[in-house]
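Scroll down for the structure; my scribbles are underneath it.
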Amino acid sequence: MIPQLYSVRQIKQETHDTFTLELDPKDGTKTPSFEAGQFNMLYVFGVGEVPISISSDPTAPKYLMHTTREVGIVTKAMRKLKRGDMIGVRGPYGTHWPIEESAGSDIVIVAGGIGLAPLKPALCHLVARRENYGRVVLLYGTRSPNDILFQKELKQWRADFDLEVYVTVDRAIGSWRGNVGVVTTLIPKAPFDPLSSVALICGPEVMMRYTVQELVRRGVNHGKIHISMERNMKCGIGFCGHCQMEASFVCKDGPVFTYGALENIFGKREV
Amino acid sequence: MATSAKAASGPALIARENLQAVLDALTAKGYQPIGPSVRDGAIVYDEINSADDLPAGWTDEMSGGTYRLKRSGGSALFGYVIGPQSWKKYLHPPVIRLWKSHRTDCTFTISKNAEESPKLAFIGVRACELAAISVLDHVFLHGKFVDPIYRARRENILIIAVNCGQAATTCFCKSMKTGPRCVKGYDLALTELAEDGRHDFLAETGTPRGADILAAIPHKHATETDRESAARAWANADAQVTRTLDTTNIKELLLGNLEHPRWDQTAGRCLTCANCTMVCPTCFCTNIEDVTDLGGKNAERWRKWDSCFTLDFSYIFGGHVRQSAMSRYRQWMTHKLASWIDQFDCSGCVGCGRCITWCPVGIDITEEARAIRETDRSQKENADGNP
Ligand SMILES: Cc1cc2nc3c(=O)[nH]c(=O)nc-3n(C[C@H](O)[C@H](O)[C@H](O)COP(=O)(O)OP(=O)(O)OC[C@H]3O[C@@H](n4cnc5c(N)ncnc54)[C@H](O)[C@@H]3O)c2cc1C
Ligand code: SF4
Ligand code: FES
């Protein structure tokens, strides 16, 4: 329950409101290993602690990365940290994306907004072992072209690793010539075999709800659809009770669940 | 040696005037006795340094939304049923500092709180409360993670249970299969025999630690008459537990009725005051507070009891998950009676009735469960083929 100290090696501004922290353990030890989809509790001195997914490459964990959108008290304070500052880290916690388990399948990844950050380790893993998978399709929606994360990586994955990347924005501005509309509109036409696909989804809950509907409509098995849930979290280890969704503790039974496991409550009002 | 052999062969008898010797034996073994006493018009648990601190001659009366302490006319020390507090306050403290942190330039250090785990002897633990401690054990000790604070405290507790000789109208321990008789989870279990001018305690040992305490104090072998007297007290309590909660398929019943109109009706009365969660002996939710001193050099993290009845409990950026009182009442009750079973392999309700007594508007969990059972819509929902 005690945070370990990490020092900020770099802060990278990703978009106008999103930044990536690169962290090294203060005591000089190796960055601990983690699974794609897991999260850490990050503590900013005197301000507070919040759950943030790990966004580094799990196959080559040089240092710890967290990509965060500035929204409130803690995330804004986190943005103000400088190189060399310390941050408290507890974790890694929670379940992970079924990457190794899905070898041989097509992979469909659907991300909304900051939801691409928790999926980045999965993408890193897929491109690192690209030969083990069938088609890999990424459908990514953001509010505007200015909100598109990891643009460099997206280009590289598309060009060098045969990833089929489709990006759409809610609102086209500037010179945007790509898709306009919510990310779910990309699903009916996306090139994957529904019967041999594993789907990974992360984004706002409404977006995930419609995405699941579309995937189910195309025939993807409920147990092959994986969603990463977000709930208030104070402890990360099943004691504070805040993250409960019916019988599930999102912190330890999730955040990654199969749609099959949450079917009866996913989308139910205020559960 | 002779005395402990006697204890092992059957219940013992401790005279009322030797109860002080029990406290002295506990103190001699390093335990601070904690037991019932009267404060602010209620039975509360507090340090007990003399048998005179116990609530002699007091009894309590409870019903939905009402609690009244009154003189019993007798001299029984445990002649009340149950107060608002539970032993949870010692095992899972309402407020505790987790760590301290100190900043220098761009770095800081975090120092763990010295784990404080006083040796406490709980005296007067009821059967439903033994069950509640066992439920907390499931929550904090038997899962994927262990709470070090709970563990350190739990390991240092000695439990002297006291069987109920009477029950309140709010008690439904029989339905929850937790009482009224103490059957496990104690070191020593007493039954107060205060009838026909006698005043003694029948003592049953549950563990070698309990036997050690018994061995250290004057006692006799209980006679047939003593045992019959105790059996009458147990039967009296048993007969007085009249409130019921039918637990047959309760999980399926409640989780299959998340859209039942009853939730809205009950929410219309619920004040979301969180009293029910504070008095519940198994509610374990907590909040975290990170605080700093004025100079900004020293920070601390505190853990405090929290309640799913507060709006902020489910806050995430962009909105609260459970905005309505309906969803919060439903979360609490379905957690207690239904989802708890999947989480911890036991019910979260032990039938102590505190939530009924201390609810300012007298909402009754047994009545709510009954209302839903009588108008069960889960069959219908399935027949409709919900997507
Ligand atoms: C498993 C998990 C992984 C996450 N991964 C990321 C990520 O990779 N990148 C990212 O930008 N965001 C992520 N989030 C969301 C992030 O935790 C919130 O944006 C953050 O807690 C907001 O804190 P704040 O103090 O800035 O906001 P405020 O609105 O000021 O919130 C106050 C407090 O409420 C709680 N809280 C608020 N929003 C959330 C939330 N969405 N989830 C949980 N607790 C919340 C926190 O305790 C927070 O300190 C994740 C959330 C979860 C549950
Ligand atoms: S049920 Fe009663 S005690 Fe519980 S929050 Fe509602 S009004 Fe308060
Ligand atoms: S975050 Fe505390 S129980 Fe899940």
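On a predicted model such as this, the values are computed, not experimentally measured, just so you know. Naming convention: chains lettered A, B, ... in sequence-line order (proteins, then strands); numbering from 1 in each chain.
Ring pair B/F140/A/F239 is tilted by interplanar angle, where 30° to 60° counts as tilted. Between B/F284 and A/F249, the angle of the ring planes lies from 30° to 60°, which puts this pair in the tilted group.
The contact between A/K26 and chain B is made entirely by side chain atoms (from C-beta outward), counting heavy-atom distances below 4.5 Å. B/Q323 touches chain A through backbone and side chain together, each having a heavy atom under 4.5 Å away. If you measure heavy-atom distances from A/Q4 to chain B, you find no contacts under 4.5 Å at all. Heavy atoms closer than 4.5 Å to chain B are found nowhere in A/L81, neither backbone nor side chain. Proximity to chain A (any heavy atom under 4.5 Å) is restricted, for B/K297, to the backbone atoms N, CA, C and O. Proximity to chain A is limited to the side chain of B/D306, based on heavy atoms less than 4.5 angstrom apart. In this structure, chain B has heavy atoms under 4.5 Å from both the backbone and the side chain of A/I237. Only the side chain of B/R330 comes within less than 4.5 Å of a heavy atom of chain A; its backbone N, CA, C and O stay farther away.
Distance check: B/R303 CZ to A/M1 CE gives 5.5 Å after rounding to the nearest 0.5 Å. A distance of 9.0 Å separates CG in A/N264 from CG in B/L255, rounded to the nearest 0.5 Å. For the atom pair NZ of B/K144 and SG of A/C251, the computed distance is 8.0 Å after rounding to the nearest 0.5 Å.
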Would you mind writing out the side-chain donor-acceptor pairs for residues 100-109 of chain B within the sub-3.5 Å range, not counting sequence neighbours?
unit_1	atom_1	unit_2	atom_2	d
B/S101	OG	B/T109	O	3.0
B/H102	ND1	B/N298	OD1	2.6
B/R103	NH2	B/G296	O	3.4

_side-chain contact (heavy atoms from CB on, under 4.5 Å) between B/F317 and A/R69, worked out_ = CA-CA 11 Å; B/F317 176 74; A/R69 191 168 146 228; 4.1 Å; yes
*Evaluate side-chain contact (heavy atoms from CB on, under 4.5 Å) for B/T286 paired with A/C240, printing each intermediate quantity in order.*
CA-CA 5 Å; B/T286 49; A/C240 76; 3.6 Å; yes
*Begin from the C-alpha positions of B/R328 and A/E270 and carry the test side-chain contact (heavy atoms from CB on, under 4.5 Å) through to its verdict.*
CA-CA 9 Å; B/R328 288 180 255 157; A/E270 301 187 284; over 6 Å; no
*For B/L258 and A/V271, run side-chain contact (heavy atoms from CB on, under 4.5 Å): C-alpha distance rounded to whole Å, both residues' side-chain angles, the deciding distance at 0.1 Å, then the answer.*
CA-CA 9 Å; B/L258 293 180; A/V271 170; 4.3 Å; yes
*With salt bridge (Lys or Arg N to Asp or Glu O under 4.0 Å) as the test, would you mind laying out the steps for A/R269 and B/E259 before giving the verdict?*
CA-CA 9 Å; A/R269 199 163 59 100; B/E259 316 282 357; 5.0 Å; no
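Side-chain contact check for A/E246 and B/T334: no donor-acceptor pair (N or O, by modelled atom type) lies under 3.5 Å. A donor and an acceptor atom, one from each side chain of A/Q244 and B/Q343, are located under 3.5 Å apart.
Among the candidates A/M233, A/K234, A/K252, A/M245, the residue making the largest number of heavy-atom pairs closer than 4.5 Å to chain B is A/K234. Of the listed residues (B/K112, B/R301, B/H92, B/H335), the greatest number of heavy-atom pairs within a distance under 4.5 Å of chain A belongs to B/R301. Most heavy-atom pairs under 4.5 Å with chain B: of the set A/G267, A/A247, A/S248, A/P204, this distinction falls to A/A247. The most heavy-atom pairs under 4.5 Å with chain A, out of B/W340, B/W99, B/F313, come from B/F313. Each of A/D85, A/T75, A/I265 has some count of heavy-atom pairs under 4.5 Å with chain B, and the biggest count is that of A/D85. Counting heavy-atom pairs under 4.5 Å between each of B/I316, B/D312, B/D342, B/V291 and chain A puts B/I316 at the top. Ranked by heavy-atom pairs under 4.5 Å with chain B, the first of A/N232, A/V8, A/V216 is A/N232. The residue among A/P3, A/C235, A/G72 with the most heavy atom pairs within less than 4.5 Å of chain B is A/P3.
Taking the centre and axis of the six-membered ring of B/Y315, the NZ or CZ atom of A/R231 falls outside the cone set by 45° and 6.0 Å.
Shown here is A/Y210, whose OH atom has no more than 12 heavy atoms of other residues, nucleotides or ligands within 6.0 Å. Counting heavy atoms of neighbouring residues, nucleotides and ligands inside a 6.0 Å radius, atom CG of B/L311 exceeds 12 of them.
Looking at every heavy atom in both residues, B/A299 comes nearest to A/Y43 through CB-OH, 3.5 Å. In terms of heavy atoms, B/C285 sits closest to A/G241 at SG-CA, 3.6 Å.
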